[in-house]
Amino acid sequence: MNQIKQIYDILAKFYAPQHWWPVTSKGKANPEYCDGPKNEKQELEVIFGAILTQNTSWKNVEKAIINLNKKNLMDAIKIIEIDNKNLAEMIKSSGYHNQKAKKLKNFCAFLLKNYNGSLKNLFGNELQKLRDELLSVNGIGPETADSIILYAAKKPIFVVDAYTGRIWSRITYDEKNNEKSYEGNYGKLQKLFMESLEQDTQLFNEYHALLVELGKNICKKKPLCENCPLNEMCGYAKNRNF
DNA sequence: GCCCAGGCTTAAA
DNA sequence: TTTAAGCATGGG
């Protein structure tokens, strides 16, 4: 078994199932209702969440999502119609709110113009075409695009994030690889993970979520190697005598 | 007060 | 083609 699969198995035993992507219900964050979107409105919520969580903790995003739901703004046309300042104020808690307000509008304008406002139409594209389309929107980069593809469109693509880079850099840490060898190398990491695993949406879903959990709580900037289920296979942990 | 968070764009070297 | 600055709130 390759190391990437091995890591998944260890994490899946170490942590409970993650049930990503979290979706709110009835205007509230609802932890019982978080196995991904069930309709287009919730798919749109996943997309907005993916944009709002750029370089931002989910806690701060959740408040913004709740606000949008309360004002009935999970709707591409309504987002286009509301003015920038109003929208920015609504999503203030998610940080970079002025930029992110524009990003939400950019996506909605794109959806209305090219796909008649229909996510079903957009998601009808082949995976690669869908990715290219998403990346053409100003404000959507590789991680946001892939999150949308995996968690809203439910097509198999591996989402790489800062945690993935940090964790893999530390696992492979040795004389040649330093602690940041794989940071900021999106394509290389994505290829590595996708070539090591079956192309399975649910697997990619859970794996990414597990890496986030590990990155947030154990493999932090200052890592807690003593608590880490991967420390026996981790070059960085070994180097620190764990 | 300082550090960090589920990135992306733009402009300069 | 790589690197830096700017964006900004909220929690530890």
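Order of the sequence lines sets the chain letters (A, B, ...), proteins ahead of strands, with each chain counted from 1.
Residues A:N55 and A:K63 both approach DNA chain C. Their nearest nucleotides, taken by heavy-atom distance, put A:N55 toward the 5′ side. Annotation: of the two residues near DNA chain B, A:V212 and A:L135, the 5′-most nearest-nucleotide partner is A:V212.
Nearest nucleotide to the side chain of A:K103, out of C:dT9, B:dG7, B:dA5: B:dG7. Out of C:dT9, B:dC8, C:dC7, the shortest distance to the side chain of A:Q99 is found at C:dC7.
Crowding of A:K102 atom NZ: a count of heavy atoms from other residues, nucleotides or ligands under 6.0 Å not exceeding 12.
Contact annotation for A:I51: no contact, since no heavy-atom pair falls under 4.0 Å across all strands. Contacts of A:V137 with the nucleic acid, taken as non-hydrogen atoms under 4.0 Å apart, involve only primed sugar atoms and P, OP1 or OP2. Across all strands, A:A162 comes closer than 4.0 Å only to sugar-phosphate atoms, never to a base (heavy-atom distances). Contacts of A:E143 with the nucleic acid, taken as non-hydrogen atoms under 4.0 Å apart, involve only primed sugar atoms and P, OP1 or OP2. When heavy atoms are screened at a 4.0 angstrom cut-off, A:K221 is found touching the sugar-phosphate backbone but no base atom.
The distance from atom OH of A:Y96 to atom P of C:dT9 is 11 Å, rounded to the nearest whole Å. Note: CG (A:N185) to P (C:dT1) measures 14 Å, nearest angstrom. Atom C1' of nucleotide C:dA8 and atom CD1 of A:I91 are separated by 11 Å, given to the nearest angstrom.
Contact annotation: A:T144 side-chain N/O to B:dC8 OP1/OP2 distance is under 4.0 Å. Dashed line: the shortest gap from a side-chain N or O of A:R166 to OP1 or OP2 of B:dC4 is not under 4.0 Å. Contact between the side-chain N/O atoms of A:N98 and the OP1/OP2 oxygens of C:dA8 is found at a separation under 4.0 Å.
The pair A:K120-A:E40 fails the salt-bridge criterion, with no side-chain N (NZ, NE, NH1 or NH2) lying under 4.0 Å from an Asp/Glu carboxylate O. Taking a cutoff of 4.0 Å between a charged side-chain nitrogen and a carboxylate oxygen, A:K85 and A:E89 do not qualify as a salt bridge.
Between A:F158 and A:F193, the angle of the ring planes stays under 30°, which puts this pair in the parallel group of the 30/60° scheme.
Both A:L11 and A:I4 belong to a common hydrophobic cluster when Ile, Leu, Val, Met, Phe, Trp and Tyr are linked at side-chain heavy-atom distances under 4.5 angstrom.
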